[in-house]
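So that the names make sense, note that chain A is the first sequence line, chain B the second, and so on, each numbered from 1.
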Amino acid sequence: MAKIGVVTFPGSLDDQDALRAIKLTGGEPVSLWHASDSLQGVDAVILPGGFSYGDYLRCGAIARFSPVMAEVIRAAGKGLPVLGICNGFQVLCEAHLLPGALIRSDRRTFYCKDQQLRVESTDTVWTNAFAKDQEINIVLKHGEGNFQADDETLRRLEGEGRVVFRYLVENPNGSRNGIAGITNETGNVVGLMPHPEHNVDPLVSPTLDGVGFFESVYRFVNAKTPPSGTCPTPSSPDSPSSPSSSCALVAGPNGGAPATNAQDDGIGKPQDDGAQKVQGE
Amino acid sequence: MALVVVDVMPKPEILDPQGKAVTQALERLELPGLTVRQGKRFEITVEGEVTPERLEQIKQAADMLLANTTIETYNVRVEGQ
C-alpha cells in the first residue's frame with residue numbers, strides 16, 4: 001500500500017482532510033511534521049491547504065524554510081512525488097520547486113466554489129489516471145491563487161506541456177492563461193489551487209473527481225515496486241501488446257523512462273533509491 | 001545601533017490588487033487622480049556598524065526571504081544616510 005505523507009505546518013487547515021482522503025482512496029496516510037526533518041520513508045508527499053505561518057510575509061514564504069521542506073526539496077529532486085494543494089502550491093512556488101508565484105486574486109475577495117477544470121496533462125505522477133483534456137469539477141477556496149510568471153516562463157510552461165490544469169467557464173482569480181495548476185520538468189511535482197482532497201466522499205462532494213489524483217499516485221508507486229512477477233518486463237516475449245493496470249504506467253513524465261524499469265528494485269528499498277529511478281530526464 | 005530599511009514593491013507589470021483597492025477607496029473619499037501601488041517596508045536594526053558585509057548580508061536576506069523576486073523588487077538603504 002502506498003504511504004502518502006501529509007505535512008502539517010502551523011496554520012495548515014486541510015491536512016486532516018488530505019489524510020482522510022488518502023485513507024478513503026486506499027492509501028496509507030502518514031502525518032509529517034513541519035519541524036521534523038524526517039519524511040518517514042513515505043512514497044509521496046502532499047503539502048496541504050491552509051494558511052501556513054498565518055500567511056505572514058507572503059503565502060508559503062516562511063513554511064518554505066521549515067526543516068521538513070529541506071527534505072521535501074531534496075527528495076523531490078530525486079523524483080519523489082509531491083503534490084501542493086492551494087497553500088501547498090504557494091509553498092512549492094516559494095521553494096522554487098515550481099516556477100512563478102501566486103498573488104492576490106484580481107477579484108480581491110476570498111472565493112469559494114465548485115470549479116470546472118480541464119486536465120491538460122496526464123503526463124504527471126498525479127494525473128496519469130485521468131484522460132487527456134478530461135473535464136473535472138473540484139472545489140476551490142482561496143484569496144491568493146492568481147498565478148503569475150514572466151512571459152518567458154509562461155511560454156516554456158505552455159510549450160513543454162507543463163500546464164496541468166486550466167480553469168474552465170470562468171477564471172476565478174485572474175491567473176495568467178487561466179492556469180490552475182502546473183508541474184515541474186520531470187512531472188513528479190504538481191501544484192494546483194483547487195482542492196482534490198475535498199472531492200473524494202459522496203456524502204459531502206458534488207463530484208468524486210479528486211479520487212483520480214490519489215489513484216494516479218498509487219498507480220505510480222505500485223508500478224515502481226510491483227509484487228514480484230506481476231508485471232512483465234518490457235522486453236518479455238509474453239508481454240501483452242496493450243498492458244493493463246499499473247504495469248502499463250509510464251513513470252517518466254514527459255516521455256521519460258517507463259516505471260517498469262524500477263521493478264528491479266524489489267520491494268521495501270529505501271525511498272531514495274527507488275525515487276531516483278523515476279527521473280525521466 | 002543602526003537602522004537599515006528594505007523596501008519591497010510589486011514589479012510594475014504585476015497586478016497589485018491591494019494598491020488598486022486603496023486607489024478606488026481614495027476615489028470614494030473624493031481624492032481622485034492618486035494611483036497607489038502598495039509594497040512593504042522592513043526596518044532592520046543592526047548591531048554595531050553597517051559594514052559592506054552587513055549590507056551584503058541584508059541583501060541576501062531580501063533575496064532569500066523578504067522579497068519574492070519573481071513578482072517583487074527590493075531596495076536596501078541605510079536610514080539617515
Legend entry - Check: B:Gln18 and A:Arg108 side chains under 4.5 Å, non-hydrogen atoms: no
Inset, instruction - Could you give me the CA-CA distance, side-chain angles and deciding distance for A:Gln148 and B:Thr70, then say whether side-chain contact (heavy atoms from CB on, under 4.5 Å) is met? - result: CA-CA 9 Å; A:Gln148 295 291 318; B:Thr70 304; over 6 Å; no
Against chain A, label [X] side chain, backbone, both or neither, depending on which of its atoms sit under 4.5 Å from a heavy atom there.
X: B:Leu15; result: both
X: B:Leu65; result: both
X: B:Glu13; result: neither

Side chain, backbone, both or neither: which part of [X] has a non-hydrogen atom closer than 4.5 Å to chain B?
X: A:Asp106; result: both
X: A:Ser105; result: backbone
X: A:Ile103; result: side chain

Legend entry - Crowding at CZ, A:Phe65 (>12 non-hydrogen neighbours, <6.0 Å): yes
Legend entry - Within 6.0 angstrom of A:Glu170 CD, more than 12 heavy atoms from elsewhere: yes
Inset, instruction - Taking A:Arg58 for its side chain and B:Leu66 for its backbone only, find out whether a donor-acceptor pair lies under 3.5 Å. - result: yes
